[in-house]
Amino acid sequence: MTKASELQSLIDQEVGVSRWFDLDQARIDAFASLTEDEQFIHVDPERAKATPFGGTIAHGFLTLSLASAMSMEAVAPLDDLVMSVNYGFDRLRFLAPAPSGSRVRGRFKLLSAEDKDAQGGTTRWLLKHELTIEIEGGDKPALIAEWLTMHVVKV
């Protein structure tokens with residue numbers, strides 16, 4: 001647990017690193033089916049061999065969708081937390097494809113913490129994290145984003 005009073009001292013600090021997540025073909029295929037994005041570079045290993053990727057790759061949005069699970073285990077929740085919601089992204093760049101069979105993990109750096117207001121016994125904190133999802137053994141991360149989350153905390 002993190003105290004709201006500690007947030008300012010954590011700015012520009014890495015606040016957590018998740019475990020590695022497998023991006024196997026079964027996960028990629030399930031995501032493709034669920035999102036109806038069945039482009040061959042994701043689901044057809046034979047055809048994908050002929051591309052510059054040399055095989056199938058995970059969807060960028062699949063990699064991004066793991067951010068919630070990564071955050072839940074890597075970033076300590078605030079004390080007296082009522083709820084947290086995804087507030088969006090200020091920046092998001094997909095930098096490198098994650099090949100089928102690779103593993104990815106998230107690194108979280110706190111960029112800002114803004115106390116929005118107190119009302120009805122709670123206050124809201126708007127946190128901005130730099131999220132870097134790295135590919136195990138890769139030269140570049142799969143993505144880098146500035147992720148905003150709103151946290152409602154009892155006062």
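The residues Glu136 and Arg105 are annotated as not salt-bridged, no charged nitrogen and carboxylate oxygen being separated by less than 4.0 angstrom. Taking 4.0 Å as the cut-off between side-chain N and carboxylate O, Lys128 and Glu146 count as a salt-bridged pair.
In this structure, the side chains of Thr63 and Ile135 stay at 4.5 Å or more apart for every pair of heavy atoms. Under the 4.5 Å side-chain criterion, counting only non-hydrogen atoms from C-beta, Lys154 is in contact with Val82. At least one side-chain heavy atom of Leu66 sits less than 4.5 Å from a side-chain heavy atom of Arg27. For the pair Ser84 and Met150, the minimum side-chain heavy-atom distance is 4.5 Å or more. Between Leu81 and Val152 there is no side-chain heavy-atom pair separated by less than 4.5 Å. In this structure, Phe21 and Leu23 have side chains that are not in contact, with every pair of non-hydrogen atoms separated by 4.5 Å or more. Taking the side chain as every heavy atom from C-beta outward, Met70 and Ile133 approach each other to under 4.5 Å. At a threshold of 4.5 Å between non-hydrogen side-chain atoms, the residues Leu7 and Leu78 count as touching.
Within a 6.0 Å radius of CG in Asp139, other residues, nucleotides and ligands contribute 12 heavy atoms or fewer. Around CZ of Phe89, the count of heavy atoms belonging to other residues, nucleotides or ligands within 6.0 Å exceeds 12.
Cluster annotation: Phe61 and Val104 are assigned to the same hydrophobic cluster (Ile/Leu/Val/Met/Phe/Trp/Tyr, side-chain heavy-atom contacts under 4.5 Å, transitive). Put simply, Leu148 and Leu110 are part of two different groups of oily side chains (I, L, V, M, F, W, Y) that touch within less than 4.5 Å, one to the next. Linking Ile, Leu, Val, Met, Phe, Trp and Tyr whenever their side-chain heavy atoms come within less than 4.5 Å leaves Ile28 and Ile41 in two separate clusters. Cluster membership for Ile11 and Leu131, using ILVMFWY side-chain heavy atoms within less than 4.5 angstrom, is shared.
Distance check: Asp90 CG to Trp147 CH2 gives 13.5 Å after rounding to the nearest 0.5 Å. To the nearest 0.5 Å, atom OG1 of residue Thr132 and atom NZ of residue Lys109 are 8.5 Å apart. Between Lys140 atom NZ and Arg93 atom CZ the span is 13.5 Å, to the nearest 0.5 Å. Separating the NZ atom in Lys49 from the CG atom in Asp44 is a distance of 10.0 Å, to the nearest 0.5 Å. Separating the CG atom in Asp80 from the OG1 atom in Thr123 is a distance of 12.0 Å, to the nearest 0.5 Å. Separating the NE2 atom in His42 from the OG atom in Ser100 is a distance of 11.5 Å, to the nearest 0.5 Å.
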As a quick check of understanding, evaluate side chain to side chain contact (heavy atoms under 4.5 Å, CB included) for Tyr87 and His151, giving each step before the final call. CA-CA 10 Å; Tyr87 203 70; His151 305 265; over 6 Å; no
Between Leu92 and Leu143, is a side chain to side chain contact (heavy atoms under 4.5 Å, CB included) present by the stated rule, with each step listed? CA-CA 7 Å; Leu92 171 62; Leu143 67 86; 4.1 Å; yes
Checking side chain to side chain contact (heavy atoms under 4.5 Å, CB included) for the pair Val17/Phe108: CA distance, chi angles, key distance, verdict? CA-CA 6 Å; Val17 178; Phe108 296 83; over 6 Å; no
Derivation and outcome, side chain to side chain contact (heavy atoms under 4.5 Å, CB included), residues Val75 and His129: CA-CA 10 Å; Val75 180; His129 286 93; 4.0 Å; yes
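For Thr56 and Gln25, the side-chain atoms include at least one donor-acceptor pair closer than 3.5 Å.
One N or O on the side chain of Thr35 and one on the backbone of Phe31 form a donor-acceptor pair closer than 3.5 Å. A donor-acceptor contact shorter than 3.5 Å is absent between the side chain of Thr149 and the backbone of Asn86. Side chain of Ser102 to main chain of Pro99: a donor-acceptor pair is present (N/O by atom type, distance under 3.5 Å, no hydrogens or angles). Remark: the backbone N or O of Asp24 is not paired with any side-chain donor or acceptor of Asp22 at under 3.5 angstrom. Put simply, the side chain of Glu130 never gets that close to the backbone of Ile144: no donor and acceptor are under 3.5 Å apart. Within the 3.5 Å criterion, the main-chain N or O of Ala48 finds a donor-acceptor partner in the side chain of Thr51.
Closest approach of Val153 to Asp79, counting heavy atoms only: CG1-O, 3.2 Å. Ala113 and Gln8 get closest at one heavy-atom pair: O-NE2, 2.9 Å. Considering all non-hydrogen atoms of both residues, Phe94 and Gly60 come closest at CE2-O, 3.2 Å.
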